[in-house]
Amino acid sequence: MKTGPLFLALLLILPLLTLACAKEEDDGGSGSSGLKLDRDGDGKRRYPWGPDFDDDNDAATQEVLGGRDVNDADSTIQTSLNVGTFTAGTNVAVGQGPRGIDSADFNNDGNIDVATADQNTDTVSVMLGDGMGGLGTASAISLTNSGYTVCACDTNNDGKIDLVVGKGGGLSVLLGNGNGTFGAEIPDTNVTQSVVWVVAADFNGDDNLDLAVVDSNGGSSYFVRCLLGVGDGTFTLGDTLTASASCNGLSVGDLNGDTNLDIVAYQSIASNSGAYGVALGNGNGTFGTLSYTAVSVYASWGHLAQLNSDANLDLVIGSAINTGVLVLLGNGNGTFGAPTTVSGVATTNEIRAADMNGDGNLDLVVAAQSDGVGIALGSASGTFGTFSNTSVGTGEFALTVCDLNNDNKWDVVCANISGDDVGILIGD
């Protein structure tokens, strides 16, 4: 996840897209936590979604969704999936107005669990997975304000998944106990506006997770901020970028091949008008100015992934108003080519990319609200077929792609903002 009125949620699934935390601990790092957070059996600790920081030459691909780096040659996910087909799971009730979602193993039992940020009940809902495709009854954690977005990651290097929650009036950290429960929210004092998007990554190379957030007053004041992790669950304020009006979300990845993480921010202007802004990273937690490029849609959601056979990150942009999604192939220098449109969905909310049919190409997965969950199968050239849509509830708003039943096939869990529940699609 993930936003305010039309706010989005970020960066695969592979936590969405999660959007984005990935990190290797070959030497064990925090005790045995490397194995506890290793979900594809390659001995590497990974966070739910986002960039790949394990220096395995896949840093440019930045594609980690549901805790797995789908571009790693050693990843076994999706080796036998049938052409992107799914079986509906059992929906689980959560708090009212869930608009953010993320997945990870909260209790270290080897099964994926799920959390949502619930806007209308000021809660985070936590559901533990049974490893067979089901989620248990949601447990509610109270927040001091509306929940907009949630990011599951390890903020204090103890090998236990924590929750970072963007909410009305700020940001909070809920430290994980390693058994599926979490401590009370710890407010972050660096951000006082409403946080509508959170991405976790190591921006300055100190092996502590940092945060990139979008915060807004819901009017004319929008910022992209980098919060530098201390390693104990707290953060100091790093670089602050002034974003254009109506910035609802961001993505993180190495856009120009210098191994530094860059930022892409999304701007919604009018019904047929928007932009994406690129700020190149310096590798120390600071960034250049956001430089915007106009697009012909109300750009409210986006995702970075390696969609074709080159080593460059590509960009997908969705709209809460316009139909279809835009695909822009990366040039490898921080710029992108002209957009093409993938049709088959009306408006789109959160977007992720993952190989849903096991053919080695990334596909697009969107929470399309009025159209359900949409999947467009991809090709090696970065082109896509028409979206095929499946309803999983009412108001599909945010999603995470993960393996709920441990069969090495991607599943989808979607936060239904109008139905007050999460819907499940189990990959066949």
Side-chain angles (χ1 to χ4, degrees), residues 1-9 13 15-16 18 86 88-104 106 112-130 133-152 163 165-169 172 174 180-182 185 194-198 248 300-301 320 346-352 365-374 389-402 404 411-426:
M1 60 133 47
K2 280 200 184 193
T3 70
L6 280 174
F7 301 138
L8 312 53
I13 291 173
L16 246 305
T18 207
F86 296 86
T90 302
N91 286 30
V92 179
V94 295
Q96 296 176 8
R99 64 187 317 127
I101 191 169
D102 208 353
S103 57
F106 301 151
I112 294 295
D113 312 308
V114 174
T116 62
D118 312 317
Q119 180 182 13
N120 298 332
T121 46
D122 302 349
T123 56
V124 170
S125 295
V126 175
M127 293 149 281
L128 299 182
D130 61 12
L135 295 172
T137 302
S139 298
I141 303 173
S142 296
L143 301 173
T144 54
N145 212 321
S146 300
Y148 289 152
T149 183
V150 59
C151 176
L163 299 177
V165 184
K167 58 180 187 172
S172 288
L174 287 69
T181 66
F182 297 84
E185 63 173 326
S194 295
V195 173
V196 297
W197 195 263
V198 177
N248 296 326
S300 45
W301 304 78
T347 59
T348 56
N349 296 320
E350 189 161 8
I351 304 173
R352 289 286 176 259
V365 186
V366 301
Q369 197 149 345
S370 61
D371 286 336
V373 172
N389 307 310
T390 303
S391 175
V392 295
T394 306
E396 292 89 343
F397 194 82
L399 58 79
T400 179
V401 179
C402 53
L404 278 183
D411 310 313
V412 180
V413 185
C414 187
N416 299 320
I417 193 169
S418 302
D420 301 334
D421 63 4
V422 297
I424 298 171
L425 291 175
I426 301 297

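Note that the numbering runs from 1 along the sequence shown for the chain. No experiment lies behind these values; they were computed from the predicted model shown.
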- Query: What are the two closest heavy atoms between Val198 and Cys151, and how far apart are they?
  - Reply: CG1-CB, 4.0 Å
- Indicate yes or no for a side-chain donor-acceptor contact from Asp371 to the backbone of Asn389 under 3.5 Å, with no hydrogens or angles considered. no
- Query: Quick one: CG on Leu135 to CG on Asp130, what's the gap to the nearest 0.5 Å?
  - Reply: 7.5 Å
- Message: Can you give me the closest heavy-atom contact between Phe106 and Asp113, atom names plus distance?
- Response: N-OD2, 2.6 Å
- Query: Do Ile424 and Thr90 have side-chain heavy atoms sitting under 4.5 Å apart?
  - Reply: no
- Item | Pairing residues for Thr121 by the side chain to side chain donor-acceptor pair (under 3.5 Å) criterion, not counting sequence neighbours | Thr123
- Could you give the distance from OG1 (Thr347) to CH2 (Trp301), rounded to the nearest 0.5 Å? 10.0 Å
- Please check if the side chain of Ser125 supplies one atom and the backbone of Gly95 the other of a donor-acceptor pair under 3.5 Å. yes
- The reported gap from CZ in Phe397 to CD1 in Ile417 (rounded to nearest 0.5 angstrom) is 4.5 Å
- Only one of Val92, Leu128, Asp102, Ile101 forms a side-chain contact (heavy atoms from CB on, under 4.5 Å) with Val114, so which one is it? Ile101
- Evaluate the criterion side chain to side chain contact (heavy atoms under 4.5 Å, CB included) for residue pair Leu404 and Val413; output intermediate values, then yes/no. CA-CA 9 Å; Leu404 278 183; Val413 185; 3.6 Å; yes
- Between Ser300 and Ala320, is there a donor-acceptor pair closer than 3.5 Å when you use the side chain of the first and the backbone of the second? yes
- Task: Kindly say whether Thr144 contributes a backbone atom to a donor-acceptor pair with the side chain of Glu185 at under 3.5 angstrom?
- Result: yes
- Task: List the steps, then state whether side chain to side chain contact (heavy atoms under 4.5 Å, CB included) holds for Asp411 with Leu425.
- Result: CA-CA 6 Å; Asp411 310 313; Leu425 291 175; over 6 Å; no
- Taking atom types as modelled, find out whether Ser418 and Thr394 have a side-chain donor-acceptor pair closer than 3.5 angstrom. no
- Over all atoms of both residues, closest heavy-atom pair of Asp420 and Pro98: CA-CD, 3.8 Å
- Query: Hey, what do you get for NZ (Lys167) to CG (Asp122), rounding to the nearest 0.5 Å?
  - Reply: 9.0 Å
- Under the side chain to side chain contact (heavy atoms under 4.5 Å, CB included) rule, what do Val124 and Asp118 come out as? Steps first, then yes or no, please. CA-CA 6 Å; Val124 170; Asp118 312 317; 5.7 Å; no
- Message: I'd like to know if the side chain of Ser146 reaches the main chain of Gln119, judged simply by a donor and an acceptor atom lying under 3.5 Å from each other, with no hydrogens or angles considered.
- Response: yes
- Query: If you look at every heavy atom in Leu399 and Val366, which pair is closest and at what distance?
  - Reply: CD2-C, 3.3 Å
- Message: Using the rule given for side chain to side chain donor-acceptor pair (under 3.5 Å), can you reason through Asp421 versus Asn416, listing the C-alpha separation, both sets of side-chain angles and the distance that settles it, and then say yes or no?
- Response: CA-CA 6 Å; Asp421 63 4; Asn416 299 320; 2.8 Å; yes
- Considering non-hydrogen atoms only, spot the tightest contact between Ser370 and Ala346 and give its length. OG-CB, 3.9 Å
- Task: Carefully, step by step, assess Thr390 and Phe86 under the rule side chain to side chain contact (heavy atoms under 4.5 Å, CB included).
- Result: CA-CA 9 Å; Thr390 303; Phe86 296 86; 5.8 Å; no
- Val392 backbone acceptor or donor facing Asn91 side chain under 3.5 Å: yes
- Query: So which heavy atom on Glu396 is nearest to which on Cys414, and how close?
  - Reply: CB-SG, 3.4 Å
- Query: Could you give the distance from CD (Gln369) to CG (Asn349), rounded to the nearest 0.5 Å?
  - Reply: 4.5 Å
- Do the non-hydrogen side-chain atoms of Met127 and Val422 ever get within less than 4.5 Å of each other? yes
